[in-house]
Amino acid sequence: QVSLVESGGDSVQAGGSLRLSCALSPYINRSISCMGWFRQAPGQEREWVAALYTYYGDTFYADSVKGRFTVSRDNAKSALYLQMTSLEPEDTAMYYCAATPPLYAYRACTTLPEGRDLFDYWGQGTQVTVSS
């Protein structure tokens, strides 16, 4: 069974920090995958934020969050994290974690944002609101 469950969303003031967590089902946690974080603000398309290629541990970031967000993984806890610092009102969105099947893992991570179409498994989202 495949599941991803996000948590950690909250309302914070600009300049603050949050850490989002994504609980991974055993199948996802054991697989070679590109695991990513995406976000969607009201009226906007879902955009890619950060990703991690589990085979090598390489990380990838959208320019808008580079230097402020950090994606990481704890294999023992079956969890994916997104540490967010220096939050801005523009970061307000629903945040989703997602993962690819093994077959598409490398291609997805190395072709983002276009590779987002290769993510088959998604969580339900957690809301982050940043006030100025």
Side-chain angles (χ1 to χ4, degrees):
Q1 185 175 356
V2 174
S3 72
L4 301 93
V5 181
E6 303 93 336
S7 62
D10 205 345
S11 297
V12 296
Q13 290 193 329
S17 300
L18 275 177
R19 187 177 82 157
L20 305 183
S21 300
C22 179
L24 309 169
S25 62
Y27 171 78
I28 293 294
N29 195 49
R30 287 194 305 263
S31 299
I32 295 172
S33 180
C34 181
M35 297 182 180
W37 288 95
F38 295 76
R39 66 186 181 187
Q40 187 168 20
Q44 297 186 22
E45 291 188 356
R46 188 172 299 185
E47 65 169 343
W48 164 66
V49 174
L52 184 150
Y53 180 50
T54 62
Y55 190 70
Y56 291 123
D58 294 356
T59 56
F60 308 84
Y61 298 94
D63 288 343
S64 59
V65 305
K66 200 171 293 183
R68 300 189 298 124
F69 290 11
T70 303
V71 59
S72 63
R73 179 190 178 206
D74 187 329
N75 192 33
K77 294 184 178 180
S78 299
L80 181 73
Y81 302 106
L82 184 67
Q83 179 68 49
M84 307 185 292
T85 63
S86 300
L87 283 162
E88 305 167 351
E90 293 75 21
D91 297 316
T92 295
M94 184 72 79
Y95 283 71
Y96 300 88
C97 67
T100 69
L103 180 64
Y104 303 127
Y106 180 77
R107 180 180 166 191
C109 265
T110 56
T111 60
L112 284 164
E114 290 79 11
R116 63 186 174 184
D117 294 337
L118 300 173
F119 286 77
D120 282 352
Y121 312 122
W122 292 83
Q124 83 291 347
T126 187
Q127 178 68 37
V128 172
T129 302
V130 184
S131 58
S132 58

A.B. asks: Which heavy atom in Leu87 sits nearest to a heavy atom in Met84, and how many Å separate them?
C.D. replies: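 Heavy atoms of Leu87 and Met84 come nearest at CD2-CB, 3.8 Å.
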A.B. asks: Give a yes or no answer on whether the side chain of Ser31 reaches the backbone of Pro102 with a donor-acceptor pair at less than 3.5 Å.
C.D. replies: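 No: the side chain of Ser31 does not pair with the backbone of Pro102.
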A.B. asks: Under the side-chain contact (heavy atoms from CB on, under 4.5 Å) rule, collect the residues that match up with Glu90, sequence neighbours excluded.
C.D. replies: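 Glu90 satisfies side-chain contact (heavy atoms from CB on, under 4.5 Å) with Glu88 only.
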A.B. asks: Taking Ser33 for its side chain and Thr100 for its backbone only, find out whether a donor-acceptor pair lies under 3.5 Å.
C.D. replies: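 At least one qualifying donor-acceptor pair exists.
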A.B. asks: Would Arg68 and Ser86 count as a side chain to side chain contact (heavy atoms under 4.5 Å, CB included) here? Give the steps.
C.D. replies: CA-CA 6 Å; Arg68 300 189 298 124; Ser86 300; 4.0 Å; yes
A.B. asks: Which heavy atom of Ser17 sits nearest to which heavy atom of Val12, and what is that distance?
C.D. replies: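 Residues Ser17 and Val12, closest heavy atoms: O-CG1, 4.2 Å.
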A.B. asks: Keeping the roles fixed (side chain from Ser78, backbone from Asn29), state whether a donor-acceptor pair exists under 3.5 Å.
C.D. replies: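 It does not hold such a pair.
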A.B. asks: Which atom names give the shortest non-hydrogen contact between Leu4 and Gln124, and what distance separates them?
C.D. replies: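 Between these two residues, the closest heavy atoms are O-OE1, 3.7 Å.
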A.B. asks: To the closest 0.5 Å, what do you measure between OG (Ser7) and CG (Leu20)?
C.D. replies: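 Result: 8.0 Å between the selected atoms.
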A.B. asks: Restricting to non-hydrogen atoms, name the atom on Asp120 and the atom on Pro101 that form the minimum distance, rounded to 0.1 Å.
C.D. replies: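 In terms of heavy atoms, the two residues are closest at OD2-CG, 3.2 Å.
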A.B. asks: Linking I/L/V/M/F/W/Y whenever any side-chain heavy atoms sit under 4.5 Å apart, do Tyr106 and Leu80 land together?
C.D. replies: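 Looking at the clustering, Leu80 is in a separate group from Tyr106.
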A.B. asks: Can you tell me how far OG1 of Thr92 sits from CZ of Arg39, rounded to the nearest 0.5 angstrom?
C.D. replies: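 These two atoms lie 9.0 Å from each other.
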A.B. asks: Is there a donor-acceptor pair closer than 3.5 Å between any side-chain N or O of Arg46 and the backbone N or O of Arg116?
C.D. replies: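 No; judged by distance alone, with no hydrogens or angles, the pair does not exist.
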A.B. asks: Does the Thr129 side chain pair with the main chain of Ser11, one donor and one acceptor, at a distance under 3.5 Å?
C.D. replies: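 No, the answer is negative, given that no donor and acceptor are paired below the 3.5 Å cut-off.
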A.B. asks: Could you check Leu82, Thr85, Thr59 and say which one makes a side chain to side chain contact (heavy atoms under 4.5 Å, CB included) with Phe69?
C.D. replies: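 Of the listed residues Leu82, Thr85, Thr59, the side chain to side chain contact (heavy atoms under 4.5 Å, CB included) partner of Phe69 is Leu82.
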A.B. asks: Report the distance from atom CZ of Arg30 to atom CG of Asn75, rounding to the nearest 0.5 Å.
C.D. replies: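 Here the rounded value is 10.5 Å.
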A.B. asks: Taking only residues two or more places apart in sequence or in another chain, which ones pass side-chain contact (heavy atoms from CB on, under 4.5 Å) with Asp10?
C.D. replies: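 side-chain contact (heavy atoms from CB on, under 4.5 Å) list for Asp10, sorted by chain: Leu18.
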A.B. asks: Do the non-hydrogen side-chain atoms of Thr70 and Tyr81 ever get within less than 4.5 Å of each other?
C.D. replies: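 Sidechains of Tyr81 and Thr70: no contact.
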A.B. asks: When you compare the side chain of Tyr53 with that of Thr110, does any pair of heavy atoms fall below 4.5 Å?
C.D. replies: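 No - every pair of side-chain heavy atoms lies 4.5 Å or more apart.
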A.B. asks: With side chain to side chain contact (heavy atoms under 4.5 Å, CB included) as the test, would you mind laying out the steps for Tyr104 and Cys34 before giving the verdict?
C.D. replies: CA-CA 8 Å; Tyr104 303 127; Cys34 181; over 6 Å; no
A.B. asks: Could you tell me whether Trp122 and Phe38 have their ring centroids closer than 6.0 angstrom?
C.D. replies: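 So the answer is yes for these two rings.
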A.B. asks: Determine whether Tyr96 and Leu118 fall in the same hydrophobic cluster, where Ile, Leu, Val, Met, Phe, Trp and Tyr are linked whenever their side-chain heavy atoms lie under 4.5 Å apart.
C.D. replies: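 No, separate clusters.
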A.B. asks: Are Tyr55 and Leu112 connected in a single hydrophobic cluster, I mean Ile/Leu/Val/Met/Phe/Trp/Tyr linked by side-chain heavy atoms less than 4.5 Å apart?
C.D. replies: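 Looking at the clustering, Tyr55 is in the same group as Leu112.
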A.B. asks: How long is the straight-line distance from CZ of Phe60 back to NZ of Lys66, given to the nearest 0.5 Å?
C.D. replies: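 One finds 11.0 Å between NZ of Lys66 and CZ of Phe60.
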A.B. asks: Is there a side-chain contact between Ile28 and Met35, using heavy atoms and a 4.5 Å cut-off?
C.D. replies: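 Heavy-atom side-chain distance check passes, below 4.5 Å.
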A.B. asks: Measuring from Tyr27:OH to Tyr121:OH, what's the distance to the nearest 0.5 Å?
C.D. replies: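 Here the rounded value is 4.5 Å.
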A.B. asks: Stepwise, does the side chain to side chain contact (heavy atoms under 4.5 Å, CB included) test hold for Tyr95 with Glu6?
C.D. replies: CA-CA 8 Å; Tyr95 283 71; Glu6 303 93 336; over 6 Å; no
A.B. asks: How long is the gap from SG on Cys97 to CG on Leu52, to the nearest 0.5 Å?
C.D. replies: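 Here the rounded value is 12.5 Å.
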